[in-house]
Amino acid sequence: MIEITDQLVDNLAELSRLEFDATQKSVIKSDLQKIIQFMEKLNELDTEGVEPLLHISTRTNVLREDEVKGSITREEGLKNAPATDGQFFEVPKVIQK
Amino acid sequence: MFSFSSIEEYLRDLLHGRTTCKEAVQYFLDNISSAQHLNAFLEVYGAEALQRAAELDQQRQENPNSIGKLHGVVIGLKDVIIYKNHKLSAASKVLEGYEAVYNATAVERLLAEGAIVIGRQNCDEFAMGSSNENSAFGKVLNAKDNTRVPGGSSGGSAVAVQAGLCMVSLGSDTGGSVRQPADFCGIVGLKPSYGRVSRYGLIAYASSFDQIGIFGHNVADAALVLEVVAGEDEFDSTVSNEPVGSYVSNIKSNSDKKYKIACFRQALEHPILDAEIKTSIFNTIEKLKSEGHEIEMVDFDYLDYIVPTYYILTTAEASSNLSRFDGVRYGHRTKEKNVDLSAFYKKSRSEGFGIEVQKRIMLGSFVLSAGYFDAYFTKAQKVRQLLKKATKEIFSQYDLLIMPTVTAPAFRFGEKSEDPIEMYLSDIYTVFANLVGIPAISLPLYQHSNGMPFGLQVLAPMFKEDEMLQFSDKVMEIKAL
């Protein structure tokens with residue numbers, strides 16, 4: 001059974017783009033430990049040679065004509081953005097000096 | 001004095017001039033304002049609903065022969081289904097202030113048939129939860145007993161129908177989020193087959209599980225709404241091209257049909273199941289047998305594996321779906337200045353999401369991360385394949401499957417919030433349908449000695465909603481006798 005360490009929690013937080021204070025982190029850590037242990041029950045099942053089920057939809061290759069339609073306007077697209085210059089979304093500076 | 005029992009009767013009353021859409025809307029608005037303590041609605045579109053009702057009344061007077069299938073039907077929407085120019089938050093702080101710029105396909109179809117949307121309904125944040133205790137805007141109370149949970153995640157939508165605050169509600173069901181609260185509130189809750197209803201405009205939790213579902217007071221109302229919202233959609237290529245049945249008009253067809261029904265032995269003998277629920281379902285089985293239906297106990301050895309499989313796959317999909325909340329295009333953005341891009345994402349997301357949502361994102365990152373992917377994610381996909389095969393096998397011999405909807409009736413607030421496993425395990429009977437994509441419905445048949453209602457779950461093969469609804473209607477009639 002896998003042991004959930006502080007390092008693993010930090011790594012998962014990094015991958016998830018989340019951060020936790022010490023109290024939250026200990027709750028997350030103990031819950032992850034319980035839940036992942038619970039998930040390991042699947043190891044009891046023999047799945048040798050079973051194809052993983054990748055799609056639940058009954059349809060494949062749903063094609064349509066390549067027409068421009070169904071989009072929203074730029075104004076609508078920017079309507080809910082926290083920061084824009086009227087044309088583009090704004091983010092913090094990515095490349096620091 | 002207005003009262004509501006079924007959409008069919010309401011439409012008849014409208015056409016005979018015995019009531020008006022306006023009177024109906026006013027009735028529900030009055031009920032909503034006297035039931036505010038239930039916290040079922042996050043927002044009520046009062047003035048707008050009254051105005052639309054007046055327009056519909058006018059239209060009907062001018063042209064009584066061409067009214068829509070849902071003319072004047074007062075509907076509530078779970079706060080994960082978008083309605084153009086109205087707010088939407090998924091009961092999360094991360095989407096505070098967000099205003100929809102298009103309509104969900106389901107909403108578009110409801111409106112085209114004359115429905116009136118009365119408001120958006122409280123739920124667990126991002127539809128993650130089984131008790132509605134995870135909303136950023138406070139818990140929803142069960143109208144039958146205010147100390148008990150309404151179920152989740154579509155708790156507000158269930159309570160709104162239970163307490164007479166609207167005629168029907170749309171919710172979403174990823175692992176039972178329509179059927180379980182319907183069971184806890186004593187109403188009908190329908191989850192269609194995967195791909196029966198377009199997910200366009202439904203906030204994604206786990207895309208290969210999510211379906212829009214329906215709450216109603218009776219089977220026919222749910223069938224009617226399903227008939228309107230179901231069917232192909234150019235905006236969602238996972239929607240099936242199977243023809244949509246005339247679910248309502250066919251509901252009384254095949255009334256002489258004797259069904260061959262399976263029941264999982266392991267489900268009814270599970271130690272987690274409440275003894276009264278078990279007895280009630282056995283009584284129903286006897287009653288159905290005496291009506292000439294054939295019901296057999298079948299072995300299903302996978303029962304204890306379905307909840308872990310469900311949580312591996314849904315958290316994986318959630319961690320991917322929720323990556324779009326980055327504080328850039330919409331949603332909460334941290335106020336902190338002078339942070340680099342990575343810290344900016346982390347702060348925006350951690351300030352915005354509640355703890356259950358963050359926990360599930362973390363779990364999803366875990367099962368998808370290098371080194372664990374095959375052991376958890378691929379393993380669960382393989383088990384899902386086994387489940388699908390086993391289901392196909394069962395339905396090659398039986399028309400339908402019956403099960404409890406829940407392990408026990410509505411629990412009290414806080415009762416299960418300490419132990420995540422206990423909370424997750426309470427989904428054991430509902431997640432099965434989502435894992436294999438089949439339709440299922442919870443029927444409000446019973447009352448527990450603790451005063452709370454509970455239901456029977458009926459499941460059918462993919463796209464056999466018609467048979468499921470016909471049988472369900474019959475079961476509800478047997479109950480009435």
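Just so we're clear, the structure is a prediction, and the values are computed from it rather than from any experiment. Proteins come first, then strands; the chains are lettered A, B, ... in the order of their sequence lines, and each starts at number 1.
Contacts between A380(B) and chain A at a heavy-atom distance below 4.5 Å involve backbone atoms as well as side-chain atoms. Proximity to chain B involves both the backbone and the side chain of L42(A), based on heavy atoms less than 4.5 angstrom apart. For a residue to count as touching a neighbouring chain, one of its non-hydrogen atoms must lie under 4.5 Å from one of that chain's; by this rule D304(B) touches chain A with backbone and side chain alike. Using a 4.5 Å cut-off between heavy atoms, T47(A) touches chain B through backbone and side chain atoms alike. Heavy atoms closer than 4.5 Å to chain B are found in the side chain of L8(A), but not in its backbone. Only the side chain of T315(B) comes within contact range of chain A, with heavy atoms under 4.5 Å apart. For V9(A), the parts sitting under 4.5 Å from any heavy atom of chain B are the backbone and the side chain alike. For K41(A), the parts sitting under 4.5 Å from any heavy atom of chain B are the backbone and the side chain alike. When heavy atoms are compared at a cutoff of 4.5 Å, Y305(B) approaches chain A by way of both its backbone and its side chain. Looking at T238(B), both its backbone and its side chain come within 4.5 Å of chain A, counting heavy atoms on both sides. For a residue to count as touching a neighbouring chain, one of its non-hydrogen atoms must lie under 4.5 Å from one of that chain's; by this rule Y98(B) touches chain A with backbone and side chain alike. With a 4.5 angstrom heavy-atom cutoff, I72(A) touches chain B only via side-chain atoms.
Side-chain contact, N80(A) with E99(B): no donor N or O sits under 3.5 Å from an acceptor N or O. No side-chain donor from either of Y102(B) and E76(A) sits under 3.5 Å from a side-chain acceptor of the other.
Ranking L363(B), V383(B), L95(B), V307(B) against chain A, the residue ahead of the rest is L363(B), based on heavy-atom pairs under 4.5 Å. When the candidates K359(B), H332(B), K347(B), M362(B) are compared by the number of heavy-atom contacts under 4.5 Å with chain A, M362(B) comes out ahead. When each of T309(B), V339(B), D301(B) is checked for heavy-atom pairs under 4.5 Å with chain A, T309(B) comes out on top. For the options E19(A), H55(A), Q37(A), E90(A), heavy-atom pairs under 4.5 Å to chain B are most numerous at E19(A).
Ring-plane geometry between F373(B) and F377(B) is classed as tilted, the angle between the planes lying from 30 to 60 degrees on a 0 to 90 degree scale.
Here the straight-line distance linking atom CD of E40(A) with atom CD1 of I312(B) works out to 9.0 Å at 0.5 Å rounding.
A side-chain donor-acceptor contact under 3.5 Å links E317(B) to the backbone of S208(B). Of the possible donor and acceptor atoms, none in the side chain of R333(B) sits under 3.5 Å from a partner among the backbone N and O of A81(A).
The ring of Y310(B) has its center no closer than 6.0 angstrom to the ring center of Y424(B).
For R384(B) and F209(B), the positive end sits near the middle of the six-membered ring, less than 6.0 Å away and at most 45° from its axis.
Contact check on R360(B) versus E356(B) returns a salt bridge, with a Lys/Arg side-chain nitrogen under 4.0 Å from an Asp/Glu carboxylate oxygen.
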**Request:** Show your working on salt bridge (charged side-chain N to carboxylate O under 4.0 Å, His left out) between E14(A) and K346(B) and close with a plain yes or no.
**Result:** CA-CA 8 Å; E14(A) 178 66 30; K346(B) 288 180 192 163; 2.6 Å; yes

